[in-house]
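Whatever order the structure lists ligands and atoms in, that order sets their numbers, starting from 1. Given the structure is predicted, the values throughout are model-derived calculations rather than measurements.
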Amino acid sequence: MHNLFTIPLFLLLSVLLVTAQAAEPSSQQLTSPDGSIEVTVEVRDAGVYYSVQYKKQAVIQASRLGFDIQGQPQLAANLEVTDVQRNTTHQAWQQVWGERAEVVDHHNQLSISLQEREGLQRKLELVFRAFDDGIGFRYHLPQQPNLQEFAIEDELTEFALAQNYHAWWIPAYRDQRYEYQYLKSALSSIDVAHTPLTLTDDGIAIAIHEAALVDYASMTLRNVSDNHKTLKADLVPWADGTKVYAKTPLTTPWRTIQIASQAAELINSDLIVNLNEPNRLGDTSAYVKPGKYMGVWWEMHIGSKSWSPGADQGATTERVKEYIDFAAEHDIDGVLVEGWNKGWEGEWWQRKPTFIFDEPVVGFDIQAAVDYASSKGRQLVGHHETAAGIAHYEAQMERAFAYYQKLGIHSVKMGYVGTRLEGKEWHHGQFMVRHFAKVVATAAKYQVMVNAHETIKDTGLRRTYPNLMTRECVRGMEYNGGSPDTGNLPNHTVIIPFTRGLAGPTDFTPGIFNFDYQEHRPYNRVPTTLAKQLALYVTLYSPLQMAADLPENYQGHPAFQFIDDVPTDWQESRALQGEIGEFLVIARKDRHSEDWYLGATSNETPRQLSIKLDFLDAGRYQATIYRDGEQAHWRTNPEDYVIESKKVKAGQVLKLDLKPGGGAAVRLHRL
Ligand code: NOJ
Ligand code: CA
């Protein structure tokens, strides 16, 4: 955890120390600024290998690097070092929005230029960065005569893990994309996993992921060695089997390895955003606004309303006005309307898409809804469900965003429901990466914020494109509503901040207050207490947070005050305590006031937590505590909660009693 206040101002300026070496060393070392992480890169005749140590213990043993290129020999061996460059960067940069206003980027960099000794004499550069919270490395293939337009058949990058760590993972190449519950097993039992992949053991927590995934395939990790501890990059292919279509100069995404002594510390890492390019959109303040939304959504998932036009139609002008009325009485900025447009008839997810993105469904007067919202200082949130039909959507995309801009709609939720894009492409290959880049650029052109479901995983591009607010890419609340395979387990929400959450903001959609929704869903339920639903607004980070329940379930409910109060943009965030799958405590300071908020969540095990309030600033705070009642239990009595108030100050210990599947949410208002 960087403490910004202890860094002298002169160090916040970028320091660039460059030394060039002409020699041909076979081994190069790189160390993190605090010395805890060491990377070694060895260039042998047989290939190029890197290894990583943390506090003098091996984490990654010598692991291969290189490529298989279609129609050419492997680009991996017989390389000689032609240049080595080193530099150090220490600077702070401001986030447009985020978990903290200011991010410190302090790293040492090693760049190694390589060239094949004979044959095609292709050139390859490796760039490694070592931070105190992990490392990143990537390949750069410069422009060169024997490598111009080409296809990557395989990326050879390996992660030869030093131990058979505990792994927290979801399987890759499955029909539900990233929407699985996490498995906990030995690393050796992984077949092929998505990233972030989190690994733990006593005194160490590791997360393997990637940063800045641009015009390339996403990386999954496949277990390849006899001892089952070596994971290999397995790039999600195109339908024709090619991994990446490329041309030089090519810079790959960063392969990232976050390392900390405890799992909760991984949540405090800024490595992924630090490895992305600065904001390219300039001043987005006219439309990029973190905030809260609600909308016509949960009622479809619990089966009382439908996306289809007709008697059960959820999107009606009247219903949307009810949401707007509630939003206007509270601190809720946007109202989402799913099923607002033409084309949702029947089983829309089973057929080729029929959506029209600039015509409202009969029964929903979008202009009247927009006007009504605006008269109450609120905005509609648009919705583009593509049902994975990319060509159908792209043909209308420009018009669709222009339509929203004309209506004054500055926020859209996207969806890519389907097992394959266009019926054949994976959701996570270069095809989707390219498509989604177009979406984000088009949205920016028409001043729209993006919240995407079922899209490619987050790799920190929000830094470069601050209109890319949040995404699902997780098994969200929806599975407690409409899914046929009955919901999530109570430990799910104390796993995902340590896994999926490391990639970036998560549109999980918390805030269910009514647990009695089984009329159409006899086997489903929300596996938490009500107090834990509140805590999720702090423990699951997203700059756009949904209040997912229906307005009538919130009406007159004293606990809604927490959702009203909780901000979605932060000055500072600190994961204080936690163990994956067990519990988590996070404190965050509002970006626009002196108030702090704290969320504590447990799995099905009750537990007493003592939380030192040493993160508070000087002075006194009024603590409003929303906690589980004495009889609270996620299965039998989720709605039992208590609101308490007391004065506290920095350094005191706050004791919280979490019931099974429970939690606590605390507002600390500066007096
Ligand atoms: C899947 C999304 O995750 C969900 O939130 C949405 O309601 C449906 N798609 C329909 O677009
Ligand atoms: Ca989904």
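Within the model, atoms NZ of Lys292 and OG1 of Thr568 stand 7.0 Å from one another, a figure rounded to the nearest 0.5 Å.
Nearest to atom 3 (O) of ligand 1 among the protein's heavy atoms is His453 ND1, 2.6 Å. Given atom 11 (O) of ligand 1, the protein heavy atom at minimum distance is Glu385 OE1, 2.6 Å. In this structure, the protein non-hydrogen atom closest to atom 1 (C) of ligand 1 is Glu454 OE2, 2.9 Å. Summary of contacts: the protein heavy atom closest to atom 7 (O) of ligand 1 is Glu338 OE1, 2.6 Å. Nearest protein heavy-atom neighbour of atom 4 (C) of ligand 1: Glu478 OE1, 3.4 Å.
Heavy atoms only, all atoms of each residue included: Gln313 and Thr316 are closest at O-CG2, 3.7 Å. Of all non-hydrogen atoms in Val433 and Tyr216, the two that sit nearest each other are CG2-O, 3.3 Å.
Between the side chain of Gln533 and the backbone N or O of Ile512 there is at least one donor-acceptor pair closer than 3.5 Å. In this structure, the side chain of Asp549 engages the main chain of Phe513 through a donor-acceptor pair within 3.5 Å.
Contact annotation: for Trp349 versus ligand 1, there are no heavy atoms closer than 4.0 Å. Using a 4.0 Å cut-off between heavy atoms, Met300 makes no contact with ligand 1 at all.
Vertex the Ca ion (ligand 2); arms to Glu472 atom OE2 and Glu179 atom OE2; angle 100° (nearest 10°).
The shortest N/O to N/O separation between Trp344 and ligand 1 does not fall below 3.5 Å. In terms of polar-atom proximity, Trp297 is counted as a contact of ligand 1, with an N or O under 3.5 Å from an N or O of the ligand. Residue Trp307 has no N or O atom closer than 3.5 Å to an N or O atom of ligand 1.
Remark: Arg420 is positioned above the aromatic ring of Trp426, its terminal NZ or CZ atom under 6.0 angstrom from the ring centre and at most 45 degrees off the axis.
Between Lys305 and Asp312 there is no salt bridge, since no side-chain N of the basic residue sits under 4.0 Å from a carboxylate O of the acidic one. Comment: Glu210 engages Lys457 in a salt bridge, judged by a side-chain N to carboxylate O separation of less than 4.0 angstrom.
Counting only non-hydrogen atoms, the option in Lys413, Arg177, His383, His301 that gets closest to atom 5 (O) of ligand 1 is Lys413.
Side-chain polar atoms of His194 and Tyr173 form no donor-acceptor pair below 3.5 angstrom.
No other N/O/S atom of Glu478 lies as close to the Ca ion (ligand 2) as OE2 does. Counting just the N/O/S atoms of Glu454, the one with the shortest distance to the Ca ion (ligand 2) is named OE2.
Taking 4.0 Å as the cut-off, Trp348 counts as a neighbour of ligand 1 on heavy-atom distance.
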